[in-house]
Structures are given as structure tokens and as C-alpha cells.
Engineer: 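I'd like to ask some things about the structure below.
Just so we're clear, the structure is a prediction, and the values are computed from it rather than from any experiment. Numbers restart at 1 for each chain; the letters A, B, ... are given by sequence-line order, proteins then strands.
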Number of protein chains: 2
Amino acid sequence: MAKAYEEIADELRAQIRAGRLGPGDRLPSESDLVRTTGRSGPTVQQALRVLQAEGLIEKQHGRGTFVRRPRTPIERTNARHQWEKDRARAPERQRLGTGATERDTGLGVDDLVFHAAYREIGASKEIAAALGVAEGTALVERTYRTRYSAERNPFSLVTSLLIRDLVQQNPDLLDETKEPWPGGTWNQLLTVGIEIDRVEERVTARPPTVEEADELGLPPGTSVLVLRKTLYDTDDRIVEMSDVTLPGDRTEMLFTTHLERW
Amino acid sequence: MAKAYEEIADELRAQIRAGRLGPGDRLPSESDLVRTTGRSGPTVQQALRVLQAEGLIEKQHGRGTFVRRPRTPIERTNARHQWEKDRARAPERQRLGTGATERDTGLGVDDLVFHAAYREIGASKEIAAALGVAEGTALVERTYRTRYSAERNPFSLVTSLLIRDLVQQNPDLLDETKEPWPGGTWNQLLTVGIEIDRVEERVTARPPTVEEADELGLPPGTSVLVLRKTLYDTDDRIVEMSDVTLPGDRTEMLFTTHLERW
DNA sequence: GAGTGGTCTAGACCACTGT
DNA sequence: CAGTGGTCTAGACCACTCC
């Protein structure tokens, strides 16, 4: 015999999948479910917890439990890289009004709120290995938060690392007050004579940490996409590495790979 | 004041992050925690549930609660596409002994167990839109499961769709008993004169459904990576679309984008 | 104030693991 | 068999939302 909370969860899940309960609809209240199922409060709650962990429902304290509504997706393509490279050499006037995020979202600079902070750190063992430098090497750690001006939470958490020796010949690159930098990282690197040859992106997925869920405003039952982006210059050196955390329920990454013709 | 279960969870999380509790270590038993914290059983359980949802711990009925151990990752690169394209034209002898999965995992054919099933379906509205065909168009739906022979669960769930009209001139392509096909889908398509020009991959992340968690053997507190791969031929037609579900805790996808030189 | 979900208690019994 | 986590009950009180 199935467990009581599973029976309740199965019943509700079936109703959602069949469309009898659609996105945004309110589920029966917990006390209703206690009455109709003849089960205790905690048992009903466990059933709802299961559905919440699956990302099917969302509880709203004091209002009720609702079928989760899909969020408007943000698309992020790898065509952006060639676009960013080209833009790095564009005249400043052109670089000012637009960034890669604006390109992804189709929005203007005014619709987005941008925040950056710089800090100098020494490379930890793990980071040193990933960057191919010695442990303790001086790095510039830059953290970025970007959000829609209409929303409370950022839609990505970015930590970027530069090797200080490579960039310090331009002191502006160590100064966070110069952000947002027209033309972004790619233009910053150009000012110290660096051209990017290729981008490597490593993607994994996992549940958010409490801190990530908090910063991104993620409800229970969502995942994050974790992207580690590495920029290689034309001498095959790693010149930047960044970790990007994206909400899994609203991010779609599109990678296009072109192949040689026969 | 913080909630009781959060205090307990915070304390244990801090111990794990500090390394005082390492991967594979057993946590204090629930009854121990009831004694040491002076809280009730359900409260302690809720604290552990929080950590489980974060993917930090794993409960084993009758044995105890353990710090989650990272699983051996499977890497999947987009360099595989050019490799698959090249292999599609290789002599059969060469195609027999190796596939893209073997390439990704570095294993031989004997270490992997392969299963395929074919079915004919009509295109649903959603699928028709994604494939760019009319609703109801005849499709060949192929489902694949591949697992390590040493493990019980497959490491990916694949559903592939072909447009029947495009492939039926070679009846072997409608016959699941011809699987595993040497040279895979790319060679199958070559037999009906199709050359692939580019691959589009859309990646998102979410918690697994119950069915996915069951098939992939995923413990609570893991996510799945969902990949929708679309193959375009040299006439810019969509010739295959597949949905791949991968365990987020053991899959790393690597995408390399090469850029034009200045 | 009525209705909702959130937290917590005290305790019972079951199911699984290892000795 | 002892120890572990899994399920379930009956009920209390709190916190939030909306009217």
C-alpha cells in the first residue's frame, strides 16, 4: 500500500498534469485537505512539500498554495561571444549604450540596474589550478549583480577573476568606480593589448545554496545553472575566469556549434 | 530569533563547510540531535530535510545520515559534434567499436549497456512548432538509455525525434532492432543523403520529476540538466531533435566557442 | 477577524541495517 | 536485537494576508 502523503501528492500531481489545476490556480487549503483526505495536518503538509520540491507548486504564506507559473525566460547564447569581441573595438559612443546583457534580454540600459565591486585576493589552490597559475598569485576579484529595474532580485550572480599582473598596466582596470565599463571586460582586456581567441564554458546544475536562493529570490523547488567561463587569448593564456550562477527556472542557454562541410 | 530547525541546520551546515564533517562522514543520529539540542524529533528532521534539499547530506534508512560524496563526473563537450560528423563517414569497421558516449566517458563498448526503442507518433502542437512542421506530421520517436555495466541506473534519458518522410526511404531507419547503429544518428542520416551543418543545444535546469529521479536513481537534493539538441542540415532544415535529461550532480557540459581573429 | 500556511511538541509505531 | 531513519497522529500557537 502506498504511503498516505504519496497518495495525496499523486492525486494533486495528476490534477496538475491533466490541467484540471492550471498555472496560478489555488490548491485546496491545507485544512480542506485534512478534511477531505481524513489525514493529519503534518501528513498533508508533507504531501505538499513533495510537490514543492518538484517545482510544481508554490506556497504563499497567508494566501494559499498555488500551481507554479513558468517565469519569463532569459536567453543566453554563445553567439554573444563573437558579438562581444566585435563590440570591444567599436567606437566608445557605440559601446556606451549597450552591453551583452542588454543584447540577451532585448532591453535598454535604463531597464537594468548594474552593480560591481572589486577586491584583490590571492589565488587559492583550487582557483590557481583552474587558472594555471601559482598558488597565491595576486588576482582581481570582481563581483557583478544585474537586475531588472522592475524586480527586486538580480537574475545572475557573477564572480570574475583577472590576473593582476596581466592587467595592472592600466590602473583603471583595478578601479571599480570605472564600472560599468563601456565595452565590458573584452574592451578592458583590449586596453592592455589582449585579444580573445576562444571561450570555454562549463555548465552544471544543482540546488541553490541558501545564500544563492536568497540573493536570487528563488523559491524552493528550483535549481541553479552554474557556468564557469574561461577566456583564452591568442597566446593560449587564460586571461579571465568567471563563475556565473543563473536561476534554472528562467534561464535558457543556447549553444550553436557550426561544423565543417564535407 | 531564528527558528529552531534553522539553528540546527545552520550549525550542521557550518560544520560541513568547515570540513569538520567531510564527505562520507556520518552525522549524529536523529535521536542524538534530539538529546543535544533539546528539540523534538520532527524539528530535528526538518533541519535535516533542509540540508538534504541543498544536496549536502544523504539519508540512508537504517544506517544513518551522511555528508554527500561528489559523484564521478561525466564530461560532455561540443567538440563531440565535429567528431560525430567525421565518424559518420568513417569505414564501418571503425564505426563499430566506438560511439560518442564511449568518447565522452573514455570507456569501451563493453563497459556500457545500451537500449533503444522506436515508436511512430504524430507531432503534438508543441513539438510541431519546435520542429517547424505541421501538427500531426508523422514522426519516429526513439528513446535511448545508456548505463555503465557496473551501475544500475542509466546516466542519461534520451528521446529523439525524426521526421518520417525524411528518413523512410531507408527502411532500416524505422527498425529498432538495427540498434545500436554503427556511427549513430549521423550515419543513419547520411544513408538518406543528409549532411549536418550545425547543432543547436538549449540548456535549462530544474528539479527532477519523480519518474526521472526514479529512472536515473537520483537522491533528493539533486537537479537535472535538460538539453534540447537540434540538428540542422545543409539546407537549413531541422532533421533531428532530441531531448536529453542528465543528472546535474555528475554531468559537466563543456562548450568551446572559437572566435574570428582581428 | 477569518482564513491561510509555518513552526513546534510528545509520542507512537513501522521499516530497514547491521551485529 | 539494538539502532537508525520513515511515517503518522492530535493538537497548540504563531505569522501573514485580505477583507
Side-chain angles (χ1 to χ4, degrees), chain A residues 1-13 16 21 24-69 152 210 213-214 217-221, chain B residues 1-13 16 21 24-69 152 210 213-214 217-221:
Chain A
M1 191 204 100
K3 286 154 254 177
Y5 76 93
E6 277 186 0
E7 281 180 358
I8 302 171
D10 286 349
E11 167 62 21
L12 291 169
R13 192 189 297 111
I16 293 171
L21 286 169
D25 284 357
R26 215 188 77 180
L27 274 67
S29 78
E30 296 190 2
S31 23
D32 280 350
L33 288 169
V34 167
R35 269 190 297 278
T36 57
T37 62
R39 296 300 182 164
S40 73
T43 300
V44 164
Q45 284 181 33
Q46 180 158 4
L48 294 177
R49 208 165 31 230
V50 168
L51 300 177
Q52 191 176 34
E54 291 169 23
L56 284 175
I57 65 171
E58 184 164 354
K59 292 184 166 195
Q60 292 184 32
H61 196 164
R63 303 215 322 121
T65 304
F66 300 83
V67 178
R68 175 88 64 79
R69 216 185 277 277
R152 253 186 42 253
V210 272
D214 186 53
L218 297 177
Chain B
M1 192 204 98
K3 286 153 252 174
Y5 75 93
E6 277 186 0
E7 280 181 0
I8 302 171
D10 287 348
E11 166 61 20
L12 291 168
R13 192 188 297 110
I16 293 170
L21 285 169
D25 284 358
R26 216 188 78 182
L27 273 67
S29 79
E30 296 190 2
S31 22
D32 280 350
L33 288 170
V34 167
R35 268 190 298 278
T36 58
T37 62
R39 297 299 182 163
S40 72
T43 300
V44 165
Q45 284 180 33
Q46 179 159 5
L48 294 177
R49 212 170 22 237
V50 168
L51 299 178
Q52 191 176 36
E54 290 169 25
L56 284 176
I57 64 171
E58 184 164 354
K59 292 184 166 195
Q60 292 184 33
H61 197 163
R63 303 217 318 124
T65 304
F66 300 83
V67 179
R68 174 89 62 81
R69 215 186 278 275
R152 253 184 45 253
V210 271
D214 186 52
L218 297 176

Engineer: Quick one, K3(A) with Q46(A), criterion side-chain contact (heavy atoms from CB on, under 4.5 Å). Give me CA distance, side-chain angles, the key distance, then yes/no.
Structural biologist: CA-CA 11 Å; K3(A) 286 154 254 177; Q46(A) 180 158 4; over 6 Å; no
Engineer: Roughly, in whole Å, what's the span from CD in Q46(A) to P in dT7(C)?
Structural biologist: 15 Å
Engineer: Taking the minimum atom-to-atom distance to the side chain of K3(A), which one of dT7(D), dC18(D), dC8(C) wins?
Structural biologist: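 Side chain of K3(A) sits closest to dT7(D).
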Engineer: Does a side-chain N-to-carboxylate-O contact under 4.0 Å join K59(A) and E30(A)?
Structural biologist: yes
Engineer: Hey, which of T37(B), L48(B), V50(B) is the one that makes side-chain contact (heavy atoms from CB on, under 4.5 Å) with I8(B)?
Structural biologist: T37(B)
Engineer: Can you tell if the side chain of L51(A) reaches within under 4.5 Å of the side chain of T65(A), non-hydrogen atoms only?
Structural biologist: no
Engineer: Using atom CZ of F66(B) as one end and atom C1' of dT17(C) as the other, report the distance to the nearest whole Å.
Structural biologist: 10 Å
Engineer: Please report the distance, rounded to the nearest Å, between CG in L51(B) and P in dG5(D).
Structural biologist: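 Result: 13 Å.
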Engineer: Between P on dG3(C) and CZ on R35(A), what's the gap in Å once rounded to a whole number?
Structural biologist: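 From R35(A) CZ to dG3(C) P: 10 Å.
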Engineer: Within this structure, what is the NZ-to-P distance between K59(A) and dT4(C), rounded to whole angstrom?
Structural biologist: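 Atom-to-atom, K59(A) to dT4(C), this comes out as 14 Å.
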Engineer: Phosphate oxygens OP1/OP2 of dG3(C): is one of them under 4.0 Å from a side-chain N or O of S29(A)?
Structural biologist: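 Indeed not, no polar side-chain atom of S29(A) lies that close.
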Engineer: The side chain of S31(A) lies closest to which of these nucleotides: dT4(C), dC8(C), dG11(C)?
Structural biologist: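 Selected nucleotide: dT4(C).
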Engineer: So does T65(A) get a side-chain nitrogen or oxygen closer than 4.0 Å to the phosphate oxygens (OP1/OP2) of dT4(C)?
Structural biologist: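 Indeed not, no polar side-chain atom of T65(A) lies that close.
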Engineer: Between Q45(B) and R63(A), just flag the one whose closest nucleotide in DNA chain D comes earlier from the 5' side.
Structural biologist: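 On the 5' side of the pair lies Q45(B).
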Engineer: Whole angstrom is fine here: how far is it from NE2 in H61(B) over to C1' in dG3(D)?
Structural biologist: 11 Å
Engineer: When you measure from the side-chain N and O atoms of S40(B) to the phosphate of dG11(C), is any distance below 4.0 Å, counting only OP1 and OP2?
Structural biologist: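 Answer no for this pair, as no side-chain N or O of S40(B) is under 4.0 Å from OP1 or OP2.
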Engineer: What's the CZ-C1' distance between R26(B) and dT17(C), to the nearest Å?
Structural biologist: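 These atoms are roughly 11 Å apart.
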Engineer: Quick check for you: among dT7(C), dG5(D), dT7(D), whose closest atom lies nearest to any side-chain atom of E30(B)?
Structural biologist: dG5(D)
Engineer: In whole Å, I'd like the distance from the OH atom of Y5(B) to the C1' atom of dT9(C).
Structural biologist: 16 Å
Engineer: Is there side-chain contact between R68(B) and L56(B), with at least one heavy-atom pair below 4.5 Å?
Structural biologist: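 Not touching, per the 4.5 Å side-chain cut-off.
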